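Below: one structure, written as structure tokens.
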2 protein chains.
Amino acid sequence: MTGDEERDVERIQARAERADTNLFGRMAAIYAASRKQAQDLLQVGGGISIVEWRTIWDLHEVGPMTISDLALTQRTDHSQLSRALPQMRQKGLVSMRQAAQDGRQTIVTLTDKGRDAYHLAAPIMGRRRAVLADVFTAAEIAELVGYLDRFETFVRLPAEDILSKEKIE
Amino acid sequence: MTGDEERDVERIQARAERADTNLFGRMAAIYAASRKQAQDLLQVGGGISIVEWRTIWDLHEVGPMTISDLALTQRTDHSQLSRALPQMRQKGLVSMRQAAQDGRQTIVTLTDKGRDAYHLAAPIMGRRRAVLADVFTAAEIAELVGYLDRFETFVRLPAEDILSKEKIE
DNA sequence: AGAAAATATATGACTTGTCACGTATTTATT
DNA sequence: AATAAATACGTGACAAGTCATATATTTTCT
């Protein structure tokens with residue numbers, strides 16, 4: 001008796017609940033929330049973007065890398081780095097030079113200023129991982145990662161494979 | 001002995017492997033792949049966008065809904081719907097009218113043409129869920145969803161909570 | 001050596017998502 | 001009843017992804 005004849009509140013409620021178990025929708029919402037949390041934390045940690053943080057972190061851990069290396073370790077498209085790096089260079093966080101061995105490659109190196117930015121953001125992002133570790137045991141993380149591996153294999157199936165695949169076994 | 005003195009290939013490799021267990025990075029890559037798979041499938045299923053598919057699906061399942069209802073069941077921001085719906089109306093997929101009980105609300109209804117679009121896309125998206133069900137048992141999905149629930153709770157913690165939270169227990 | 005194929009990067013166009021803010025309408029308070 | 005607070009929606013601005021295509025450089029093949 002809501003007096004609302006235009007929409008069926010109960011069915012809407014039921015639909016929202018069913019959507020909770022829809023992996024695809026959940027993944028979207030969770031990723032968006034995760035991204036926002038990272039952005040908020042990085043706002044505190046020096047005001048850098050997520051792409052910038054990932055890049056600084058990678059460079060700090062492994063030393064100079066090419067743009068493709070960065071794209072590979074970040075599992076992202078190189079275009080994202082192509083766009084972010086010139087700005088980072090302008091901010092003085094990284095330097096870039098053409099590789100001597102292979103003129104197609106660009107070697108990206110962390111500057112001292114970039115190192116400072118790393119040391120500003122790192123404790124904050126480390127805090128995040130520490131809190132995560134309070135909430136999940138290492139074994140649970142491993143199990144979750146195992147599920148994610150399998151889910152990733154699935155979502156990377158080409159559309160044709162999904163459509164052609166008849167129930168096999 | 002790669003002859004490459006400018007970058008440390010082994011460390012890059014090691015870094016990429018360590019990144020595999022970084023939940024945050026994994027989530028981003030997996031969601032992106034999932035989205036692309038959906039886009040590819042929908043390209044076959046009538047050429048609608050993901051937002052359009054979600055909306056048509058919801059409306060088909062529950063009947064007329066307000067924009068806020070749609071945002072709620074889709075766990076997304078209402079602005080996304082505010083932008084998509086006028087286009088959908090123009091394509092003839094939905095109709096919209098001001099709610100009688102509450103003049104602020106917009107009641108969105110699936111048209112016959114929208115129903116056709118649903119019946120075009122639904123088998124394809126259903127195929128996807130069927131293949132998923134081949135790869136994961138219901139119990140596994142439930143467990144994964146359980147993990148995702150916990151992970152979502154975590155990523156929805158405000159940044160201040162992360163930063164202020166001292167190791168408690 | 002020369003031609004063809006592969007690779008690295010840049011760039012334009014697009015989708016999905018967020019937030020903040022403005023306006024209209026309802027609901028709650030005094 | 002009048003005012004204040006809450007809610008629904010539209011819209012501008014931005015971040016983070018994707019793809020396709022163009023160009024420069026290497027590598028491979030004949």
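Model, not experiment: these values are computed from the prediction. Just so it is clear: chains get the letters A, B, ... in the order the sequence lines come, proteins before strands, and each one is counted from 1. When reading the values below, keep in mind they use all heavy atoms of this one structure, side chains included, and skip hydrogens, waters and symmetry mates.
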Could you tell me how far apart [X] ([atom1]) and [N] ([atom2]) are, to the nearest whole angstrom?
{"X": "A:Asp40", "N": "D:dA15", "atom1": "CG", "atom2": "P", "answer": "14 Å"}
{"X": "B:Ile67", "N": "D:dT7", "atom1": "CD1", "atom2": "P", "answer": "17 Å"}
{"X": "B:Gln105", "N": "C:dT23", "atom1": "CD", "atom2": "C1'", "answer": "17 Å"}
{"X": "B:Arg97", "N": "D:dA8", "atom1": "CZ", "atom2": "P", "answer": "17 Å"}
{"X": "B:Met88", "N": "D:dC9", "atom1": "CE", "atom2": "P", "answer": "15 Å"}
{"X": "A:Leu85", "N": "C:dA10", "atom1": "CG", "atom2": "C1'", "answer": "12 Å"}
{"X": "B:Met65", "N": "D:dC9", "atom1": "CE", "atom2": "C1'", "answer": "16 Å"}
{"X": "A:Phe24", "N": "C:dT15", "atom1": "CZ", "atom2": "C1'", "answer": "19 Å"}

When rounded to the nearest 0.5 Å, the distance separating CD1 of A:Ile12 from CZ of A:Arg15 is 11.5 Å

To the nearest 0.5 Å, what is the distance between CG on B:Leu93 and CD on B:Glu52? 6.5 Å

Between A:Trp53 and A:Tyr118, what is the ring plane arrangement, given parallel below 30°, perpendicular above 60°, and tilted in between? parallel

Could you tell me how the ring of A:His60 sits relative to the ring of A:His119: parallel (under 30°), tilted (30 to 60°) or perpendicular (over 60°)? perpendicular

Once you apply a heavy-atom cut-off of 4.0 Å, does B:Ile50 come out as touching a base, just sugar-phosphate, or nothing? sugar-phosphate

What's A:Ala99 touching, base or sugar-phosphate or nothing? Going by heavy atoms closer than 4.0 Å. nothing

Closest listed nucleotide, where the reference is the side chain of [X] and the choices are [options]:
{"X": "A:Ser82", "options": "C:dT9, C:dT15, D:dA15", "value": "C:dT9"}
{"X": "A:Arg54", "options": "D:dG17, C:dA8, D:dA16", "value": "D:dG17"}
{"X": "B:Lys36", "options": "C:dC19, D:dC19, D:dA15", "value": "D:dC19"}
{"X": "A:Thr76", "options": "D:dT18, D:dA15, C:dA6", "value": "D:dT18"}
{"X": "A:Ser68", "options": "C:dT7, C:dT9, D:dG10", "value": "C:dT9"}
{"X": "A:Asp77", "options": "C:dG17, D:dA8, D:dC19", "value": "D:dC19"}

Please check the phosphate of [N] (OP1 and OP2 only) for any side-chain N or O of [X] closer than 4.0 Å.
{"X": "B:Arg83", "N": "D:dA13", "value": "no"}
{"X": "B:Tyr31", "N": "C:dT16", "value": "no"}
{"X": "A:Ser79", "N": "D:dA20", "value": "no"}
{"X": "A:Gln80", "N": "D:dG17", "value": "yes"}

Under-3.5 Å donor-acceptor pair between A:Arg104 side chain and C:dT7 base: yes

Could you check A:Gly103 against A:Arg35 and say which one's nearest nucleotide on DNA chain D is further toward the 5' end? A:Arg35

Comparing nearest nucleotides in DNA chain C, the 5'-proximal residue of the pair A:Asp102, A:Ala32 is A:Asp102

Basic-acidic side-chain contact under 4.0 Å: A:Asp58, A:Arg54: no

With side chain to side chain donor-acceptor pair (under 3.5 Å) as the test, would you mind laying out the steps for B:Glu17 and B:Gln13 before giving the verdict? CA-CA 6 Å; B:Glu17 277 166 25; B:Gln13 182 63 33; 3.1 Å; yes

